[in-house]
Participant: 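Structure incoming, see below.
Just follow the structure's listing: the first ligand is 1, and inside any ligand the first atom is 1.
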Amino acid sequence: MTPAHRIAELCESIRRHDHLYYVEARPEISDRDYDRLLDELKKLEADHPDLVTPDSPTQRVGGAPIAGFVTVVHRVPMLSIDNTYDAAELREFDARVRKLLPGEPVRYVVEPKIDGVAMSLTYENGLLTVGATRGDGERGDDVTHNLRTIPGIPLRLHGDHPPALFEARGEVYMNRAELERTNVGRLAAGEEPYANPRNLTAGTLKLLDPRLCAERRLSFFAYGSGAIDGISPATHRELLDLLRAFGFPVNTHIVSFESIDDVVSYCTQWADERHKLPYDTDGLVIKVDDLAQREKLGVRSKSPRWVVAYKFAAEQATTRLRAIDVQVGKTGKLTPVARLDPVRLAGTTVSNASLHNAQEIKRKDIRAGDLVVVEKAGEIIPYVVRSEPDARTGAEAVFEFPKACPVCGGSVEPDEGEVFYYCTNPACPAQLKERLRYFATRNAMDIEGLGEGVVEQLVDTGLVGSIPDLFRLEVDKITDLQLKGEKATRKLGAKNAKTLIDGIRTSKDRGLTRLLTGLGIRHVGEHVADLLAQRFGSAAGLLAATAEQLAGVEGIGPQRAGAIHAFFQSDSGRALIAELESLGVKLTEDQRVVPASSGLSGKTVVVTGTLTKFSRDEAEAMVRAAGGHPAGSVSKKTDYLIAGEKAGSKLEKARSLGIPVLTEEEFEKLLGT
Ligand code: IVH
């Protein structure tokens, strides 16, 4: 077989498996076999670069960062939808529709309203050419580089005779589990967690580097169309069939009804059903099925008359707070947790809720024994909104932060701001367990088989007393380890023991970024780990770095730099690195390649004033993508100031220091766009 043939065969087969996995959720081969196919394709394409096609599965990831967003004018505007909140408003919608279609039967299609980011995907002769956000409805941002990384989005329409032009419209969204995974990393780094999957999805699509987007695992549902040329469905249900046939994921909870009574009863029933879905929905969308009827109904200002949304109300519940417990995190941080009388809330039974920190408890005056109102933030983590002081009996207890660690009895001390309290005993087993669990997570060392139960036992039996101890484990030492389940105890079988040891061994080569992420050094999460690994390249480089050099890394800042420096200069930090090295753990990281054309590589750039083409955040992201360092204030170290309208003191300072001042256009020129 010629290489061209084999490449075509591999592309076809990988596309099929992608579809089975991401769209139909019924994979036929193991992840390992899939990786083999992809590896073979990558190798062949590397040997024959002329045979790489734009719709090859290898083209999803690994593209170079873009310098900024290009505006796309939508061929057909992306309109919005009017909202309704109860049965009466739904009936008013139905009455309006029927009045404009006298005597005609009407069928409604009801779909979940996915809480994500609306997208328009343009396919020309079957090939994905542009993917753009809704923007203001008339024009949006070209985010094709990121959309290509979303596995559910076909790079080429399935089928042999694609229409000349087809625009699929739908929603990019993120499963709640993905948000939690990302937030674990952010919390570890002391960063604010994302409130909900939609915010994180929107933020992710705005990234300039598609490799970062690929790591976030976004998903897509198609539910509509924009401009079409060469095919003409008559109903919405036909369009949905077409979307499915073209290879798009279409939501499976789509139903149709001929009467508004049925629509209403379905909507009320869904208020609870929706919580069973792994992604957020904020309502249902009710659409007239017949496209000719839609034409007749037309558009009123910004929203069509043929569609309406039924929105669900935010949910709260009232319950008794029985006790306030304190949990120990991997950095020793003590977090108060509310133990509640179990209560149904937004689809699950809630018996624990976050209380954040001691100040928060004081501010909200929450006491053990109180009647409290709980709500789910972004529909995931329940938290205590407020107490009901009027319902107090006098038996409620004001919360006092414990003076000793509830797990090891070690001494407890507050941080500088007195917001958080920490257990100061480095040997605290609760901390160690948390650290090990975190070390094994997917964004860190990604160790297969190192789950909560295994960690618990490895620590309790004394087999593991530190992170390096993991690399000293052997299959026969851990086979038959007793694992305590919720109900019964079971043993770790020889096969699982081998999987774990293999997983630990494989993780040795993950590289410095993931290692730094996994070590859970205070102030070092995924993002900072990446900055450090990219700047210093190796653990040796970090051990030799001065606090000033660390503070010189854009995005780190003096306080963080001090803490990181203290870690790498401490006896325990140095010993840990030396131990990992002797165990064969990779302590270096390859440098990302920055586009050579950029005139901003290595330059410190300050952005000020009001820009017209992009926001300040976007301009800073463009600087970063071009290998430069955005900074907040002008100093002698500044290389360029980019000044928009109404630039004030920073502009004056730059002028007085003789720093080159650029307009937006000059900035773009320098970027080579
Ligand atoms: S149809 C003319 N269907 O809701 C209306 N929209 O508030 C075309 N959305 O911007 C949109 N799920 O981002 C439609 N099944 C669904 C949807 C949906 C979520 C979003 C979409 C739109 C917003 C309107």
Side-chain angles (χ1 to χ4, degrees), residues 72 74-85 89-90 93 96-97 108-121 131-141 143 147 150 152-153 167-175 196-202 204-205 218-228 233 235-244 248-257 263 266-267 270 273-274 277-291 293-312 379:
V72 174
H74 298 301
R75 288 184 177 84
V76 173
M78 294 179 78
L79 300 173
S80 55
I81 315 181
D82 283 343
N83 291 327
T84 61
Y85 296 91
E89 288 178 355
L90 275 177
F93 162 74
R96 279 197 303 272
V97 167
Y108 292 113
V109 179
V110 183
E111 304 175 349
K113 188 166 184 300
I114 313 295
D115 201 5
V117 177
M119 210 54 67
S120 183
L121 309 173
T133 60
R134 177 168 179 270
D136 63 3
E138 300 284 336
R139 54 195 80 221
D141 285 329
V143 288
L147 294 176
I150 301 176
I153 294 182
E167 285 183 354
R169 300 253 165 108
E171 203 86 354
V172 175
Y173 68 97
M174 180 184 276
N175 280 335
N196 56 52
R198 178 176 22 85
N199 288 2
L200 180 53
T201 302
T204 302
L205 288 166
L218 297 173
S219 309
F220 182 74
F221 276 130
Y223 51 63
S225 62
I228 310 185
T235 63
H236 186 62
R237 286 178 301 163
E238 268 182 46
L239 174 71
L240 295 175
D241 287 341
L242 201 57
L243 287 165
R244 269 184 221 104
F248 292 99
V250 173
N251 196 282
T252 49
H253 305 277
I254 298 181
V255 284
S256 73
F257 301 105
V263 171
Y266 183 79
C267 287
W270 251 84
E273 279 298 294
R274 66 180 177 129
L277 301 174
Y279 44 84
D280 280 358
T281 55
D282 58 344
L284 292 163
V285 183
I286 298 104
K287 304 173 177 178
V288 170
D289 187 34
D290 187 301
L291 303 190
Q293 288 184 334
R294 287 189 183 182
E295 275 296 307
K296 285 191 214 161
L297 290 164
V299 174
R300 183 184 53 188
S301 66
K302 281 267 167 208
S303 45
R305 287 198 192 82
W306 49 261
V307 60
V308 81
Y310 175 81
K311 300 269 275 194
F312 304 121
E379 308 202 350

Participant: Would you say the side-chain atoms of Ser120 and Arg169 include a donor-acceptor pair closer than 3.5 Å?
Facilitator: yes
Participant: Which ligand 1 atoms are under 4.0 Å away from a heavy-atom of Pro112?
Facilitator: 12 (N), 15 (N)
Participant: Can you find a heavy atom in the side chain of Ile153 that is under 4.5 Å from one in the side chain of Leu121?
Facilitator: yes
Participant: Which atoms from ligand 1 have a heavy atom of Pro304 less than 4.0 Å away?
Facilitator: 2 (C)
Participant: Do Ser303 and Asp82 meet the criterion of a side-chain donor-acceptor pair at a distance under 3.5 Å?
Facilitator: yes
Participant: Nearest protein heavy atom to atom 17 (C) of ligand 1: under 4.0 Å?
Facilitator: yes
Participant: Identify the protein heavy atom lying closest to atom 23 (C) of ligand 1, giving its residue, its atom name and the separation to 0.1 Å.
Facilitator: Lys113 NZ, 3.9 Å
Participant: Taking the six-membered ring for Trp and the single ring otherwise, decide whether the centroids of Phe220 and Tyr173 are under 6.0 Å apart.
Facilitator: no
Participant: Return the residue, atom name and 0.1 Å-rounded distance of the protein heavy atom closest to atom 14 (C) of ligand 1.
Facilitator: Tyr223 CE1, 3.2 Å
Participant: Please enumerate all residues that pass side chain to side chain contact (heavy atoms under 4.5 Å, CB included) together with Asn251, with sequence neighbours excluded.
Facilitator: Pro112, Ile114, Phe221, His253, Ile254, Tyr279
Participant: Here's a test for you: under side chain to side chain donor-acceptor pair (under 3.5 Å), which of Glu111, Lys113, Glu171 qualifies with Tyr223?
Facilitator: Glu171
Participant: Out of curiosity, is Arg169 lining ligand 1, as in a heavy atom under 4.0 Å away?
Facilitator: no
Participant: What residues, two or more places apart in sequence or in another chain, satisfy salt bridge (Lys or Arg N to Asp or Glu O under 4.0 Å) together with Asp136?
Facilitator: none
Participant: I want to check something: taking the side chain as every heavy atom from C-beta on, are Val307 and Val288 in contact at a cut-off of under 4.5 Å?
Facilitator: no
Participant: Could you identify the single nearest non-hydrogen protein atom to atom 24 (C) of ligand 1 and state the distance to 0.1 Å?
Facilitator: Ile81 CG1, 3.6 Å
Participant: What protein heavy atom sits nearest atom 20 (C) of ligand 1, and how far off is it?
Facilitator: Glu171 OE1, 3.5 Å
Participant: Considering Arg294, Lys287, Arg198 one by one, which has a heavy atom nearer to atom 1 (S) of ligand 1 than any of the others?
Facilitator: Lys287
Participant: As an exercise, identify every atom of ligand 1 less than 4.0 angstrom from a heavy atom of Glu111.
Facilitator: 3 (N), 15 (N), 16 (C)
Participant: Looking only at heavy atoms of Ser303, does any of them come nearer than 4.0 Å to an atom of ligand 1?
Facilitator: no
Participant: Consider every N or O of Ile114 and every N or O of ligand 1, then say whether any pair is closer than 3.5 Å.
Facilitator: yes
